[in-house]
Amino acid sequence: MDRRRVSLRIKGRVQGVFFRESTRQRAAELGVNGWVRNLPSGDVEALVEGPRVQVDELVAWCHRGPPAARVEGVMVQDEEPRGDLSPFAVVR
């Protein structure tokens, strides 16, 4: 199976708008592993791994986010898949 692992940094109005929980819910629907958290800078950071198609779908979703968010940019960095991530969760 073709797998992908990406590190994401989402910029814009992405804190206080249900971004992390919405990301967790979407990731669970897609069946990908990883985590999402707020950063002190006001950005949101995520690490995602799973089947390439599902990871690509979550990355595309992060460019929009939930309705109250205003995403200004998403930095995506590919990493080598390791298979070491737990089911997707919000972390602090």
Side-chain angles (χ1 to χ4, degrees):
M1 181 186 304
D2 191 21
R3 296 187 64 78
R4 185 177 184 199
R5 180 180 179 119
V6 295
S7 173
L8 304 170
R9 186 160 186 158
I10 303 104
K11 297 183 170 291
R13 183 171 173 241
V14 293
Q15 289 191 15
V17 294
F18 208 57
F19 199 99
R20 292 175 301 158
E21 180 58 22
S22 296
T23 303
R24 187 201 63 75
Q25 289 173 3
R26 186 66 185 126
E29 291 169 5
L30 292 168
V32 298
N33 294 336
W35 51 261
V36 62
R37 67 180 172 192
N38 284 341
L39 295 175
S41 64
D43 297 344
V44 167
E45 179 181 44
L47 184 62
V48 184
E49 184 173 327
R52 180 172 297 277
V53 171
Q54 284 87 338
V55 170
D56 290 349
E57 259 188 72
L58 186 62
V59 170
W61 182 90
C62 285
H63 280 83
R64 297 183 307 276
R70 189 179 71 241
V71 177
E72 296 172 0
V74 179
M75 294 187 303
V76 181
Q77 182 170 348
D78 279 284
E79 298 185 5
E80 192 65 34
R82 296 184 209 151
D84 61 347
L85 297 175
S86 299
F88 209 89
V90 174
V91 297
R92 300 194 186 278

Between CZ on residue R26 and CG on residue L58, distance to nearest 0.5 Å | 7.5 Å

Excluding sequence neighbours, so at least two apart, what forms side chain to side chain donor-acceptor pair (under 3.5 Å) with Q54?
-> none

Looking only at atom types and distance, does a side-chain atom of E49 sit under 3.5 Å from a main-chain N or O of R3, one as donor and one as acceptor?
-> no

Applying side-chain contact (heavy atoms from CB on, under 4.5 Å), run through T23 and W61 and close with a yes or a no.
-> CA-CA 8 Å; T23 303; W61 182 90; 3.1 Å; yes

For F88, all residues meeting ring-ring contact (aromatic ring centres under 6.0 Å, His included), sequence neighbours excluded | none

Give a yes or no on whether V32 and V74 share a hydrophobic cluster (residues Ile, Leu, Val, Met, Phe, Trp, Tyr; joining criterion: side-chain heavy atoms under 4.5 Å apart).
-> yes

Applying side-chain contact (heavy atoms from CB on, under 4.5 Å), name anything that partners E79, two or more places apart in sequence or on another chain.
-> R5, S7, L47, R82

Residues two or more places apart in sequence or in another chain: which of them pass side-chain contact (heavy atoms from CB on, under 4.5 Å) with S86?
-> none

L85, V91: one ILVMFWY side-chain cluster at the under-4.5 Å cut-off?
-> yes

Residues forming a side chain to side chain donor-acceptor pair (under 3.5 Å) with R13, sequence neighbours excluded | none

Would you please name every residue forming a side-chain contact (heavy atoms from CB on, under 4.5 Å) with V90, sequence neighbours left out?
-> R20, E21, R24, V36

CG-CG distance between D56 and L30, expressed to the nearest 0.5 angstrom | 10.5 Å

Drop me the distance from R52's CZ to E57's CD, to the nearest 0.5 angstrom.
-> 14.0 Å

Locate the shortest heavy-atom distance separating F19 from A69; write the atom from each residue and the value.
-> CD1-CB, 3.9 Å

Within one Ile-Leu-Val-Met-Phe-Trp-Tyr cluster: V71 and V76, side-chain cutoff 4.5 Å | yes

Give the C-alpha distance, both sets of side-chain angles, the deciding distance and a yes or no for side-chain contact (heavy atoms from CB on, under 4.5 Å) between V59 and L8.
-> CA-CA 8 Å; V59 170; L8 304 170; 4.0 Å; yes

About how many Å separate CD1 of I10 and SG of C62, when rounded to the nearest 0.5 Å?
-> 4.5 Å

Short question: side chain of Q77, backbone of R9 - any donor-acceptor pair under 3.5 Å?
-> no

